[in-house]
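What's counted below: heavy atoms across the whole structure, side chains too, no hydrogens, waters or symmetry copies. Each residue takes its place number in the sequence, starting with 1. Counting starts at 1 for both ligands and their atoms, following the listed order.
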Amino acid sequence: MTTYITTPIYYVNAMPHIGHAYTTIIADTYARFRRLCGDEVRFQTGTDEHGEKIAQAAEKEGVEPREYVDRISALFRQTWPGLDIAQDHFIRTTDADHIKLVQEILQKVYDNGDIYFSEYSGHYCKGCERFLTEKELVDGKCPDHLTVPEEISEQNYFFRMSKYQEWLIDHIKNNPEYITPERYRNEVLSFLSEPLEDLCISRPCSRLTWGIPLPFDEKFVTYVWFDALINYLTGINYPDGPDFEKYWSEAEHVIAKDILKPHAIYWPTMLQSMGVAPYKRLHVHGYWNVDETKMSKSLGNVIRPGELVEKYGVDTVRYFLLREMSFGRDSSFSTEALEARRNSDLANDVGNLFSRALTMLAKYADSTVPEIDKATVTEEDRVLVDALEKMVADYSTAMNNFEFHKALQSIWEVIGMLNRFIVTNAPWELAKEEERAGRLNTVLYFLADSLRLLALVLRPVMPSAAEKMAAALGMEKKLAKASLKEEDCWGEMEAGTVLHPGESLFPRLAKKKKQQAQGKNQGKKQGKGQGKKVKKKEAEPEIDMKGLITFEQFGDVELRVAEIVTAEKIKKANKLLKLTVKAPEERTLVAGIAKHYSPEDLIGKKVIIVANLKPAKLMGITSQGMVLAAKETDADGNERLVLSTVAEEIAPGSRVA
Ligand code: ME8
């Protein structure tokens, strides 16, 4: 099988931001996933470098278009490796082979009789680089650029797009997967329910020279979209190259909804006119917004991927973008959401799982994967294997359907299950009894093999982290060549494999000390100042702010469910009890609840503890956390303490958020 995946080629009038990064990460992830499934994959991205917008941007900078496009195109190309994006081909519309192909195709379509010369007058939007129909205008303005289009009347060449309207409607109706998600397919069909106009495909040189000259009339250059869409064919050496044969029937384009019309209408009709089969699938995603508005240079709310990578690391950025957006819908970007996912999904869930499992394998098996002891395999183990196999199947379906958030959800369900598996099987308990060594080995094997599978399915999404996981699992080389087969995904970990537990995969993000410090400084400065700002500050109701904490501050407190395993009185301390709890690892706590609870009543209770308190010594015992309780004081000053518990059964160690 082969896969050909493409991104839009980006205009070089703007620097890469997370919108561009998202589309390109999607394509890269899909390319890596299809490779994991054993496909031969070709992944292409690039830059769109002709047209008015680019000519104007160059002029604004006072440089020749060629110099300008070289510079910005290089910027795009240099951005991708930092995001672990590895395209097979980076195409530029100023490449000589592309220019040659555009001219050949124009000539072919012209010779077919599908291009004609005519006069046209209409509303031309410079931002869109096309004539807008009367219907598209909102209050006489372009709805995307909020500018009044120019009234232009000129002679131009037109492509007979209308001729292919019925064919296109049939093709979309007969191939439900041609355009997905469905809402975009419906949008296109709805647009096609009205008569389709022909497409103006030239610009007179009197108005624009930065374009590909028409081969049959040198007084005109090619309209930028007719030029740009052809990149998808140039990159695989249409018509005669072997890659065209190999890949075209499997072509899949990823775009955002802004360029649906050119991809869903212009492009298939162009292909039909040149006698080339339609591409296989078009995947359309929504916008990344910042504070509910689309990112734009003028609003100054553009998020640069490089800055995020520098701060959070490439894996967190890739994971966040893929997990946070439901493919097809708009999503809001915020660093708070990114940091929350980093700390919960990555540091707590997958990061902790790896470090706990590897620590136990080190402690109880000398970092060597033990043999499974078949006699000790339980029903719970079988349920785990079923869940792992279901995960691979669900993940694969979701990845193939471009539902990346769902693919990740299915992985995280299993991560949760594995964290619970550790708690219920308590290897630290098994290790205490020699006769249970067989069971300990089985549990450790199941953990090691599950980590192997996780490293495999996470590879397309977080290639760098997955590589570290593979290295820790002592199977870098093996995993790099591994393929994902749903049938035999379980039990591939070889007993005897030596593990190399390394540093933590996703350290928790530290508290934002800097910002707090800045906040303090600002307060000081404002206090000293005399201007308006001070007034505003003074007008703020001080009392309301007192005691309020930020989300980040709360996020720093790690609350967990803990099961009380033992409880005993402490000599000479009539208020204190010494508790051993599972949370999920065993720890000792000293709690001031002796007057309210007798030790035997506490065994088995699931309470809530602060799990990340610095250990403190009380009556010579080190307390590794704090139990939470509610305090009631009656009119006589008598105190009553009630332990905080959970309303339903839940695994010890579960986070309370
Ligand atoms: O349209 N959210 O190039 P372009 C999500 N050259 N994705 C976004 C985004 C956002 N806020 N902003 C941009 C062009 N994108 C043409 C394409 S293809 C033959 C020619 C991404 O630089 C998204 O993929 O305006 C969108 O479709 C693309 O960048 C537009 O890039």
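Remark: E250 does not engage R34 in a salt bridge, criterion side-chain N to carboxylate O under 4.0 Å. Taking a cutoff of 4.0 Å between a charged side-chain nitrogen and a carboxylate oxygen, R35 and D88 qualify as a salt bridge.
Around NZ of K257, the count of heavy atoms belonging to other residues, nucleotides or ligands within 6.0 Å exceeds 12. Within 6.0 Å of CD on Q155 lie more than 12 heavy atoms contributed by other residues, nucleotides or ligands.
Contact residues for ligand 1 (protein heavy atom closer than 4.0 angstrom to any ligand atom): P8, I9, Y10, Y11, H17, G19, H20, T23, D48, W225, A228, L229, N231, Y232, A256, D258, I259, H263, H285, G286, Y287, W288, K294, M295.
The shortest side-chain heavy-atom distance between L282 and Y184 does not fall under the 4.5 Å cut-off.
Put simply, CE on M274 and CD1 on I105 are 4.0 Å apart, with the number rounded to the nearest 0.5 Å.
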